[in-house]
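Contents: one structure, followed by commentary.
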Amino acid sequence: MKSSDSIGPTLIGKRIVLGVTGSIAAYKAVALLRSLIREGAVVHVVMTHSATKFVTALTFEVLSGHPVSTDMFEAHQEMKHLSLPAQADAIIIAPATAHCLAKAALGLGDNLLSTMLLTSQCPLIMAPAMDGGMWTHPSVQEHVNTLRARGTVIVTPELGPLASGQIGQGRLAAEGRILEAVQVALAPQRDWQGHRVLVSAGPTQEPIDPVRFISNRSSGKMGYAVAEAAQARGAQVVLVTGPTALPTPRGIEVVAVATAEEMLQVLSMRLAWSTTVIMAAAVADFRPTHPASQKIKKQGQIAETLNLERTTDILASLSAQRTTQLLVGFAAETSDLIAHAQAKLTAKGLDLIVANDVTREGAGFGSDQNAATLIDRQGIMTELPLMPKRALADAILSRAHELFRARQSSQTPTTVMGGR
Ligand code: CTP
């Protein structure tokens, strides 16, 4: 996100609730408030009682130009826990204590700020600050994962000297990082603009005879979520889908196929057009060698064995034909997730693989949620908790976009000599 120096204030008219909780870093929220106002935002500050022990409400009141709320039960007050979040474009909690993260993750509402989170619909950005040992504590990390899975943006604390005198990861993120997270959360993300994304989804069906086929349990939800997310982020998308029960996404060109062979043909034809291929389809690995042209009757010629042959590995075939396209595959596994996924990444010549354990409760085929580990060619892994498939789709696109950027920066010469 560019700074206001180059493009002017970035948050003009945005209504922001700034929550401040009881950490020694509460004083840094004063500078954050000033930056938000400088960017054009209208800011209402909500403090917890512990926060007022570190900085006075008056400081925030004077700087924000609005009364500071601390209490659910202030006399003659409207219902702030409903009215403030209802009008807000975003809620930022900076600093957020471990206690505040836990309450937000568990849905506890014991003060104005935590109750507001239960009524709010807008983006939530939390910038934790605490002692290093606390930040790495498994319970804090679990709460952070829960919040992330719900879409909360966590601006991770930084490494450095802490109030305790120790060095650790726990310092409130630099003001610029928090501000950028707010700008990103409030700006429609168009980072895939100019890209052409080919997405495959759903199962394939391999005919045994005109009425029977071999297929699998794929619902298509993951691939459709990827297609929709890419389109929302500015890409032109072609979705090549096997048979699913899902509604056709609006504004996306959809090509319906049935067999692995048809999917291969369509994807091969569109490959040159695309900048990225995301292969979420669960392609059948085998097909009947000689599908019967007439329905096989139960009486008479009962086939005791069904002869099968391998289908073409579509990704491997696209990988052999590609020029500059980024290739993203999925690995649906039931055991040895990472090892199997890494083997597929290498064998199929992929840039990124989304490894997902389809036996995990609440994840995989048919579910609206999924958990996955993203692995790139360098072996860098991003482990993502159970989250809605749309959120996972966004995480995959963000990682793929980073790979594009890394590729570009490795190609950009650092010094330009002469020339025009
Ligand atoms: N895939 C493909 N063509 C196939 C089979 C799979 O392009 N004939 C793609 C899938 O869309 C997925 C990736 O390859 O992106 C891995 O699919 P998966 O079913 O996990 O693995 P397979 O390669 O089929 O290997 P195995 O079944 O042995 O796990």
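As the structure lists them, so they are numbered: ligands from 1, and atoms in each ligand from 1. On a predicted model such as this, the values are computed, not experimentally measured, just so you know.
One N or O on the side chain of Gln325 and one on the backbone of Ser274 form a donor-acceptor pair closer than 3.5 Å. Between the side chain of Thr204 and the backbone N or O of Ala284, at least one donor-acceptor pair lies under 3.5 Å.
Protein heavy atoms are absent from the space less than 4.0 angstrom from atom 19 (O) of ligand 1. The presence of a protein heavy atom under 4.0 Å from atom 1 (N) of ligand 1 is confirmed.
Where the criterion is an N or O separation shorter than 3.5 Å, residue side chain and backbone included, Ala282 fails it with respect to ligand 1. At a 3.5 angstrom cut-off on N or O pairs, Ala280 does not count as close to ligand 1. At under 3.5 Å, a nitrogen or oxygen of Phe330, whether backbone or side chain, sits near a nitrogen or oxygen of ligand 1. Any N or O atom pair closer than 3.5 Å counts here, and Leu315 shares at least one such pair with ligand 1. Here's the thing with Gly329: none of its N/O atoms is less than 3.5 angstrom from an N/O atom of ligand 1. Where the criterion is an N or O separation shorter than 3.5 Å, residue side chain and backbone included, Asp285 meets it with respect to ligand 1.
Of all protein heavy atoms, the one lying nearest to atom 11 (O) of ligand 1 is Ala281 O, 2.7 Å. For atom 3 (N) of ligand 1, the closest non-hydrogen atom on the protein side is Ile314 N, 2.9 Å. At the top of the distance list for atom 29 (O) of ligand 1, counting protein heavy atoms only, stands Lys344 NZ, 2.8 Å.
Remark: distances from the non-hydrogen atoms of Thr312 to ligand 1 include one below 4.0 Å. Assignment of Lys348 to the shell around ligand 1 is supported, since a heavy atom sits closer than 4.0 Å. Heavy atoms of Ala260 come nearer than 4.0 angstrom to ligand 1 in no pair at all.
At most 12 non-hydrogen atoms from other residues, nucleotides or ligands lie less than 6.0 angstrom from CD of Glu383.
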(message) Apply side-chain hydrogen bond (donor to acceptor under 3.5 Å, both in side chains) to residues Glu402 and Ser398 and explain how you reach the verdict.
(response) CA-CA 6 Å; Glu402 274 174 21; Ser398 297; over 6 Å; no
(message) Could you walk me through whether Lys389 and Glu228 satisfy the side-chain contact (heavy atoms from CB on, under 4.5 Å) test, starting with their C-alpha distance in whole Å, then the side-chain angles of each, then the deciding distance to 0.1 Å, before giving a yes or no?
(response) CA-CA 11 Å; Lys389 283 185 171 167; Glu228 284 165 0; over 6 Å; no
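Under 3.5 Å, the side chains of Ser164 and Asp131 contain a donor-acceptor pair of N or O atoms.
Taking a cutoff of 4.0 Å between a charged side-chain nitrogen and a carboxylate oxygen, Lys295 and Asp209 do not qualify as a salt bridge. Between Arg377 and Asp351 a salt bridge is recorded (basic side-chain N to carboxylate O distance below 4.0 Å).
In Thr311, the part holding a heavy atom less than 4.0 Å from any atom of ligand 1 is the side chain.
In summary, the atoms of ligand 1 found under 4.0 Å from a heavy atom of Ala331, numbered by their order in the structure, are 20 (O). Near Met279, with a cut-off below 4.0 Å to any heavy atom, the atoms of ligand 1 are 7 (O), 11 (O), 12 (C), 15 (O).
For the residue pair Val153 and Ala181, the shortest heavy atom distance occurs at CG1-CB, 4.2 Å.
Partner of Ile93 under the side chain to side chain contact (heavy atoms under 4.5 Å, CB included) criterion, chosen from Ile125, Val20, Leu117: Leu117.
Using cut-offs of 30° and 60° on the angle between ring planes, the pair His401 and His195 is perpendicular.
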